[in-house]
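Letters A, B, ... mirror the listed sequences (proteins, then strands); counts begin at 1. Just so it is clear, the model here is predicted, and its values are computed rather than measured.
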Protein chains: 2
Amino acid sequence: MKRSSRLSLALHALVHLHKQPDEAITSATLAQCLMTNPVVVRRVLGELREAGIVTASKGHEGGWRLLCPAGEISLRQVYAAMGESLLIRTESDPGDIECGIVRTVNSVMGDFLADAEALLAARLERVSIADIARQASPNPLHPHGAINHG
Amino acid sequence: MKRSSRLSLALHALVHLHKQPDEAITSATLAQCLMTNPVVVRRVLGELREAGIVTASKGHEGGWRLLCPAGEISLRQVYAAMGESLLIRTESDPGDIECGIVRTVNSVMGDFLADAEALLAARLERVSIADIARQASPNPLHPHGAINHG
DNA sequence: AATGATGTAACAATAAAAGTTACATGAAAC
DNA sequence: GTTTCATGTAACTTTTATTGTTACATCATT
């Protein structure tokens with residue numbers, strides 16, 4: 001895994017959980033699907049658990065499940081749950097603050113980013129996990145659309 | 001300096017150049033203002049030079065100057081010149097591409113980010129370096145800022 | 001020529017993210 | 001109640017991106 005891809009990981013995992021609603025999926029299995037480590041999966045899904053999107057059960061037949069239908073899980077919820085921003089912070093060192101120009105640049109960019117953040121959230125609200133799953137395999141009857149990837 | 005702050009650095013430098021239009025400012029001087037290193041300044045301003053926003057002259061009395069009035073330099077131009085995105089890339093490893101779900105997640109997020117990028121650019125277009133300079137230290141004598149034409 | 005600036009390569013230091021190991025905790029099966 | 005298997009989490013290592021630094025070639029001006 002290379003970049004800041006926790007959001008991607010989360011979305012990917014959620015689609016898998018959506019596609020297999022009958023039984024819980026373990027971190028180890030998901031890790032194989034996502035080509036990463038079980039602990040990384042737990043870290044990411046742990047945030048989704050705290051946000052009430054998924055649930056985890058221990059022991060035999062344990063693992064992860066969705067807590068609500070995939071059509072009701074918006075990307076905005078997932079995004080918010082991850083506690084990270086799609087926007088890069090542009091602020092400079094606190095030490096620079098004594099310079100009025102730096103303060104203003106930080107302020108202008110801060111306002112701008114806050115604005116942009118709200119805009120992004122509004123757009124993410126419109127897409128659900130089910131939308132992604134649908135797009136991943138539009139027609140389950142067609143062979144290459146219906147493969148159970150993993 | 002901590003984070004991805006090249007855009008902030010660029011804006012800060014441009015405001016300084018705007019405020020001292022009579023003489024060129026050296027990388028060393030700017031580095032002091034921006035609390036960073038002369039080479040870093042050259043790297044950042046070098047991109048602005050390639051974008052036609054500033055010019056650099058060598059030798060005695062050399063340094064950096066604006067190529068056009070600060071009121072005509074939009075943050076979008078500066079943003080584009082930096083060749084970086086305010087949006088974090090969310091794609092996973094190329095190795096993951098064999099999985100249809102990963103492809104779809106990457107595709108969905110890619111489309112979304114491209115869309116968002118255009119939106120950000122449109123908003124950055126509306127703010128100029130002069131706007132930031134004005135906000136940093138409003139000039140009581142010239143409330144609208146002196147247009148440096150020629 | 002001497003001076004003083006940029007341009008750039010090469011490397012070091014730093015910080016952020018992800019990967020890994022190890023183990024405690026809890027739930028279900030036997 | 002013991003065993004088994006899963007999560008929860010801490011601690012550490014590895015990797016990657018960014019920035020900082022040094023060094024020096026290049027070029028313009030005096």
| field | For atom CD of E84(B) and atom P of dT19(D), their distance in whole Å | value | 8 Å
| Got a donor-acceptor contact below 3.5 angstrom from the R49(A) side chain to the A56(A) backbone? | no
| request: Please check if atom CD in E61(B) has more than 12 non-hydrogen atoms from other residues, nucleotides or ligands closer than 6.0 Å. | output: no
Please list each protein N or O that sits under 3.5 Å from an N or O in nucleotides 8-14 of chain C, with the distance.
{"unit_1": "dT8(C)", "atom_1": "O4", "unit_2": "R42(B)", "atom_2": "NH1", "d": "3.3"}

| query | Rounding to a whole Å, what distance do you find between M82(B):CE and dA17(D):C1'? | reply | 15 Å
| task | Starting at atom CG of L34(A), determine the distance to atom C1' of dG19(C), rounded to an integer number of angstrom. | result | 14 Å
| said: Can you see if the side chain of S27(B) gets near the phosphate of dA5(C) - specifically, an N or O under 4.0 Å from OP1 or OP2? | reply: no
| field | Derivation of the side-chain contact (heavy atoms from CB on, under 4.5 Å) call for T29(B) and T26(B) | value | CA-CA 5 Å; T29(B) 301; T26(B) 69; 3.0 Å; yes
| Donor-acceptor contact present, side-chain S5(A) to main-chain S8(A), <3.5 Å | no
| remark: Taken to the nearest whole Å, CE/M35(B) to C1'/dT19(D) is 15 Å
| query | Going by atom types only, do Y79(B) and E125(B) share a side-chain donor-acceptor pair under 3.5 Å? | reply | no
| Atom of L86(A), atom of M109(B) and distance for their closest heavy-atom approach | CD1-CE, 4.3 Å
| field | Any T26(A) side-chain N or O less than 4.0 Å from OP1/OP2 of dT7(D) | value | no
| query | Is a side-chain donor-acceptor pair under 3.5 Å present for S128(B) with E72(B)? | reply | no
| Carboxylate-amine/guanidinium contact R65(A) E23(A), below 4.0 Å | no
Grab the N/O contacts between the protein and nucleotides 28-30 of chain D below 3.5 Å, and write none if there aren't any.
none

| message | Using heavy-atom distances to pick each residue's nearest nucleotide on DNA chain C, tell me which of S57(A) and V40(A) is more 5'. | response | V40(A)
| said: What is the distance, to the nearest angstrom, from the NE2 atom on H12(A) to the P atom on dA18(C)? | reply: 16 Å
| task | Would you kindly give the CD1-to-P distance between I88(A) and dA17(C), to the nearest whole Å? | result | 11 Å
| Test item: D115(A) side-chain N/O and F112(A) main-chain N/O as donor-acceptor pair under 3.5 Å | no
| Should T36(B) be listed as having a side-chain N or O under 4.0 Å from OP1 or OP2 of dG20(D)? | yes
| Between dG20(D) (P) and L30(B) (CG): distance, integer Å | 14 Å
| query | When the distance from CG of L48(B) to P of dT6(C) is rounded to whole Å, what number comes out? | reply | 14 Å
